[in-house]
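Numbers restart at 1 for each chain; the letters A, B, ... are given by sequence-line order, proteins then strands.
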Number of protein chains: 2
Amino acid sequence: MVTKQLLKDLPEDADLRRADSLAREIFSDVANKWALLIIEALGERTLRFSEVRGEVEGISHKMLTQNLRMLERNGLVDRKVHPTVPPKVEYTLTEPGRALRATVDAICQWTQHHLGHIEGARQRFDA
Amino acid sequence: MVTKQLLKDLPEDADLRRADSLAREIFSDVANKWALLIIEALGERTLRFSEVRGEVEGISHKMLTQNLRMLERNGLVDRKVHPTVPPKVEYTLTEPGRALRATVDAICQWTQHHLGHIEGARQRFDA
DNA sequence: CAGAATCCAGAAGGATACTG
DNA sequence: CAGTATCCTTCTGGATTCTG
């Protein structure tokens, strides 16, 4: 059981509450479409803002900055500003970011693997 | 690279477009906080509507029905209605649902494992 | 080029009441 | 009890403009 308590097997009972609430925050930040697509897009590469935008289909300028800020704040991406003109800003996944990316990959593979089943289920449901 | 094209190594080029667009739909459905929490809550168990609600902290009646419908439509949960009065409806993960749950577990573990790093990154960022 | 700020239309989501 | 429908508020997110 995970939702009454998102974390498992935590020792201290006193710190458990805030750890769990922190975990919920992080989960909410991370369990969203754009964040996951950005992480997947970055992969092992270092990309500029505009390059990331090119990779993530349909994302707006605003959503991209917003999500990149959030990911940076949580230490999932590293943001490197080159003090040139015009500016150049590069984004790279950190180690935790790359670790999370592995699970995003898993979701993508899951999606691909179950495409047929899902399409069938939809047709049955919509009828 | 995954976002220009979410799927990899697909054979037919003709069907690739719609497969990829279907994959995007599914990804959007599934990559959302409530859906993932519901999947995690269900786990290996069969739960009634009200029980699921009890397990997923903070979810409203409306969000729960909406997401359960969506999950059922995509064939991730099985919905069994007992024609009694008062009604009793039970939800269970299907095989694809359980497979996805494994990746949700991975995200939970990732969260737990990187709590410290993230908390530190936040403090640095917020300063 | 990257991004901050503003504006605003439309979607998300909560509360409530009603039905089988 | 489970589910639908309605209302109404909040928030999301796009378009646009402005700056270093």
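Note that SG of B:C108 and CD1 of A:I26 are 11.5 Å apart. Values are rounded to the nearest 0.5 Å. Distance check, rounded to the nearest 0.5 Å: OG1 of B:T65 to NZ of B:K62 gives 8.5 Å.
Between A:V77 and A:L42 the shortest heavy-atom distance is CG1-CD1, 3.8 Å.
Applying the ring-ring contact (aromatic ring centres under 6.0 Å, His included) criterion to B:W34, with sequence neighbours excluded, gives no partner residue. Remark: A:T46 engages A:E90, A:T92 in a side-chain contact (heavy atoms from CB on, under 4.5 Å) (not counting sequence neighbours). Partners of B:E51 according to the salt bridge (Lys or Arg N to Asp or Glu O under 4.0 Å) rule, which considers only residues two or more places apart in sequence or in another chain, do not exist here. Listed by chain and number, the residues in a ring-ring contact (aromatic ring centres under 6.0 Å, His included) with B:F49 are B:H61 (sequence neighbours excluded). With sequence neighbours left out, B:E25 forms a salt bridge (Lys or Arg N to Asp or Glu O under 4.0 Å) with A:R122. Under the side-chain hydrogen bond (donor to acceptor under 3.5 Å, both in side chains) criterion, A:E119 pairs with B:R18, sequence neighbours left out.
Using a 4.5 Å heavy-atom threshold, the side chains of B:V30 and B:N74 count as separate. Using a 4.5 Å cut-off on side-chain heavy atoms (C-beta onward), A:R79 and A:R69 make contact. Using a 4.5 Å heavy-atom cutoff, the side chains of A:E40 and A:D105 are in contact.
Using a 4.0 Å cutoff on non-hydrogen atoms, the parts of residues 75-89 of chain B near DNA chain C are B:P87, ordered by number. Annotation: proximity of residues 64-72 of chain B to DNA chain D (heavy atom, distance under 4.0 Å) is found for B:R69, numbered in ascending order.
Interface limits on DNA chain C: the 5'-most and 3'-most nucleotides within less than 4.0 Å of chain A heavy atoms are C:dC1 to C:dC7.
Here the side chain of A:D20 pairs no donor or acceptor atom with the backbone of A:L16 at under 3.5 angstrom. Formation of a donor-acceptor pair under 3.5 Å by the B:T94 side chain with backbone atoms of B:G75 is found in this model.
Helix bend of the helix from C:dC1-D:dG20 to C:dG20-D:dC1: the angle between its two end axes, each built from five pairs, comes to 40° after rounding to 10°.
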Taking only nitrogen or oxygen atoms into account, show me every contact under 3.5 Å that the protein makes with nucleotides 14-17 of chain D, one pair per line with its distance.
| residue | atom | partner | partner atom | Å |
| --- | --- | --- | --- | --- |
| D:dG14 | OP2 | A:S60 | OG | 2.3 |
| D:dG14 | O6 | A:K62 | NZ | 2.2 |

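The ring-ring contact (aromatic ring centres under 6.0 Å, His included) pairs that include a residue from residues 70-111 of chain B are B:W110-B:H114, where partners are two or more places apart or lie in different chains.
Checking the phosphate oxygens (OP1, OP2) of D:dG3, a side-chain nitrogen or oxygen of B:Y91 falls inside 4.0 Å. For D:dA2, the OP1/OP2 oxygens have a side-chain nitrogen or oxygen of B:R48 closer than 4.0 Å.
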